[in-house]
Amino acid sequence: MTTRRRFLAGLAATSALPAAGWAEAGAPDYLAAALFPDGSYRLAGLRASGEMVFDLPLPGRGHAAAAHPVQPEAVAFARRPGRFALVIDCLTGQRIATLDAPEGRHFYGHGVFSRDGRTLFTTENDYDAGQGVIGLWDATRAYARIGEMSSGGVGPHDMILMPDGETLAIANGGIETHPDTGRAKLNLPFMEPNLSYMTLEGRLLEQVAPPPGQHKNSIRHLALRGDGLLGFAMQWQGETTKHPPLLGLHRRGSDPVFLAAPEAQQAQTQGYAGSIAFSHDGTRVGITAPRGGALHVFDADGHSFAGAHEIEDVCGLGAGPSGFFFTAGTGLTGRLGQGRPAGLVHSGCQWDNHLVPLA
């Protein structure tokens with residue numbers, strides 16, 4: 001009887017222990033995909049110091065990831081048009097599940113969890129219909145596919161959960177693609193990008209778009225400030241002689257605001273914003289332009305241009321202790337405070353497009 005009581009007491013104590021969290025996986029501040037010197041593609045956990053706390057293998061080039069809000073699990077997405085998404089235990093490095101896009105679908109490289117971590121939402125292309133969809137996956141049942149809903153447009157790319165935990169903001173880039181034609185853009189003359197807000201059940205709540213004459217400005221990536229101010233980065237698909245704004249800010253119920261640098265600096269972006277983030281204190285918002293080797297910073301509330309910084313092949317951007325943290329295709333990680341960018345670590349790998357922050 002004593003042995004049984006001890007066993008039951010031990011079992012109860014074990015079940016009462018908290019599940020492993022991100023601290024046990026090295027307490028990373030960000031997730032990022034990269035090409036390593038040995039030719040392997042990997043998903044890495046990074047601290048804001050530039051230290052790499054883990055790197056886990058991927059079967060091909062990664063783009064972005066979704067971080068589980070509690071457990072040290074990450075969903076690594078293939079670059080568009082990708083068919084794979086891997087759920088990885090970042091504590092053990094083991095593959096938990098493989099998400100296969102259903103027939104007629106491919107992933108767009110981004111996803112987000114519900115606040116409780118039970119549901120994963122993924123941006124996808126219904127390529128025969130030429131419409132965007134959001135895939136739903138049950139994280140409590142080995143990531144079983146449980147449905148899909150409209151994204152509210154064409155070519156959904158990035159997606160973010162709003163502070164209420166009940167609303168998704170979706171960047172519909174407006175560009176139609178089909179895997180039979182690779183990364184070719186099939187509808188540029190008629191593209192209609194938009195930013196859509198939807199309930200978790202798929203009901204459209206609000207939608208905004210670029211102003212007339214800028215329908216070729218594809219809305220691609222999103223950043224969120226704690227008070228609900230949403231930033232979106234765009235990629236211009238029109239004439240290269242034009243240099244429209246690549247940064248937008250929106251608060252629900254209001255008109256969007258579009259921001260551009262002075263003409264010379266705006267031209268340097270080559271019409272391509274790679275990533276977007278708010279600074280740690282939320283007072284500034286930045287976008288990266290890897291083709292032009294530039295990081296542009298704006299006053300998030302005053303809507304004024306705050307400066308341009310030259311950083312070769314910079315793309316990944318996130319909030320950092322002094323303002324921003326960035327990664328570059330050269331392998332550099334660094335910080336940007338109120339002054340000039342400061343390099344932290346040169347990893348030797350080629351960092352891919354994005355930094356995924358862990359709350």
Side-chain angles (χ1 to χ4, degrees), residues 63-64 66 77 80-81 101 105-115 119-127 129-137 147-177 185-188 190-212 214-225 227-237 244-259 273 275-276 278 285 287 354:
H63 184 70
F77 293 96
R80 175 187 69 83
R105 310 284 187 269
H106 69 67
F107 296 117
Y108 269 115
H110 290 266
V112 67
F113 280 93
S114 59
R115 180 175 287 174
T119 306
L120 173 71
F121 301 87
T122 55
T123 52
E124 300 175 11
N125 185 17
D126 177 354
Y127 48 79
Q131 292 294 315
V133 297
I134 304 300
L136 283 71
W137 311 78
E148 63 182 45
M149 59 193 190
S150 169
S151 74
V154 174
H157 196 67
D158 202 359
M159 177 171 48
I160 204 163
L161 185 68
M162 296 297 287
D164 63 9
E166 300 176 353
T167 306
L168 293 170
I170 303 165
N172 286 299
I175 300 174
E176 183 179 350
T177 60
K185 302 165 184 176
L186 306 177
N187 68 330
L188 293 187
F190 316 106
M191 58 182 284
E192 296 181 347
N194 71 60
L195 174 64
S196 293
Y197 297 88
M198 309 192 79
T199 68
L200 303 187
E201 296 73 35
R203 180 167 61 90
L204 181 64
L205 300 172
E206 190 173 351
Q207 197 171 70
V208 296
Q214 292 188 26
H215 72 281
K216 292 185 180 180
N217 221 355
S218 179
I219 300 175
R220 306 290 282 178
H221 296 110
L222 304 174
L224 182 64
R225 200 167 70 174
D227 64 353
L229 181 64
L230 190 71
F232 53 96
M234 295 171 284
Q235 297 173 5
W236 177 242
Q237 308 298 320
L246 299 180
L247 170 63
L249 297 174
H250 184 250
R251 190 181 296 280
R252 289 195 59 195
S254 303
D255 292 331
V257 176
F258 296 89
L259 305 178
S275 292
I276 180 171
F278 285 95
V285 59
I287 56 172
H354 301 296

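As the structure is a computational prediction, the values presented were derived from the model and not from experiment. Heavy-atom basis, side chains included; hydrogens, waters and symmetry copies ignored.
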Across all chains, not counting sequence neighbours, the side chain to side chain contact (heavy atoms under 4.5 Å, CB included) partners of Gln237 are Ile175, Lys185, Leu188, Met191, Lys216, Ser218, Gln235

Do Leu249 and Leu230 have side-chain heavy atoms sitting under 4.5 Å apart? no

Closest non-hydrogen atoms of Trp137 and Thr122, given as atom of the first, atom of the second and distance, are NE1-OG1, 2.9 Å

Residues passing the side chain to side chain contact (heavy atoms under 4.5 Å, CB included) test with Val133, sequence neighbours excluded, are Arg105, Glu124, Asp126, Glu148

**Report entry** Under 3.5 Å donor-acceptor, His157 side chain and Ile219 backbone
**Finding:** no

Problem set entry | Heavy-atom neighbours of Gln131 CD exceed 12 at 6.0 Å | yes

Taking every heavy atom of Tyr127 against every heavy atom of His106, the minimum-distance pair comes out as CD2-CD2, 3.8 Å

side-chain hydrogen bond (donor to acceptor under 3.5 Å, both in side chains) filter on Ser114, not counting sequence neighbours, yields Asp116

Applying side chain to side chain contact (heavy atoms under 4.5 Å, CB included) to Pro163 and not counting sequence neighbours gives Leu224

Check whether any side-chain heavy atom of Ser151 sits under 4.5 Å from a side-chain heavy atom of Met159, and report yes or no.
no

Across all chains, not counting sequence neighbours, the salt bridge (charged side-chain N to carboxylate O under 4.0 Å, His left out) partners of Asp255 are none

side-chain hydrogen bond (donor to acceptor under 3.5 Å, both in side chains) filter on Tyr197, not counting sequence neighbours, yields His250

**Asked** Between the main-chain N or O of Val285 and the side-chain N or O of Arg225, is there a donor-acceptor pair closer than 3.5 Å?
**Response** no

- Message: Quick one, Ile160 and Phe232 - any side-chain contact, counting heavy atoms below 4.5 Å?
- Response: no

Q | Side chain Asp158, main chain Leu222, donor-acceptor under 3.5 Å | A | yes

Here the pair of heavy atoms bringing Ala64 nearest to Gly109 is CB-O, 3.3 Å

For a 4.5 angstrom cut-off between non-hydrogen side-chain atoms, does Leu246 reach Asn217?
yes

For Arg115, the side-chain hydrogen bond (donor to acceptor under 3.5 Å, both in side chains) test, sequence neighbours excluded, returns none

Output for pair (Thr199 OG1, Glu166 CD), nearest 0.5 Å, gives 9.5 Å

Does the side chain of Asn172 reach to within under 4.5 Å of the side chain of Val154, using non-hydrogen atoms?
no

| Which class fits the ring pair His63 and His110: parallel under 30°, tilted 30 to 60°, perpendicular over 60°? | perpendicular

Met162 and Ala169 have their tightest heavy-atom pair at SD-CB, 4.0 Å

In terms of heavy-atom contacts, Val257 and Leu259 come closest through CG1-CD2, 3.7 Å

Salt bridge (charged side-chain N to carboxylate O under 4.0 Å, His left out) pairs touching residues 194-211, sequence neighbours excluded, are Glu206-Arg252

Sequence neighbours excluded, the answer for ring pair (Phe, Tyr, Trp, His ring centres under 6.0 Å) partners of His215 is none

Separation between CG (Leu205) and CG (Leu168), nearest 0.5 Å, reads 9.5 Å

For Phe121, the ring pair (Phe, Tyr, Trp, His ring centres under 6.0 Å) test, sequence neighbours excluded, returns none

Smallest heavy-atom separation, Gly111 atom then Ala66 atom, equals O-CB, 3.5 Å

By side chain to side chain contact (heavy atoms under 4.5 Å, CB included), Gln207 pairs with (sequence neighbours left out) Asn194, Ser196, Leu204

Hits for side-chain hydrogen bond (donor to acceptor under 3.5 Å, both in side chains) against Thr167, two or more places apart or cross-chain, chain-then-number order -> Asp164

Please check if any side-chain donor atom of Ser275 sits under 3.5 Å from a side-chain acceptor atom of His354, or the reverse.
-> yes

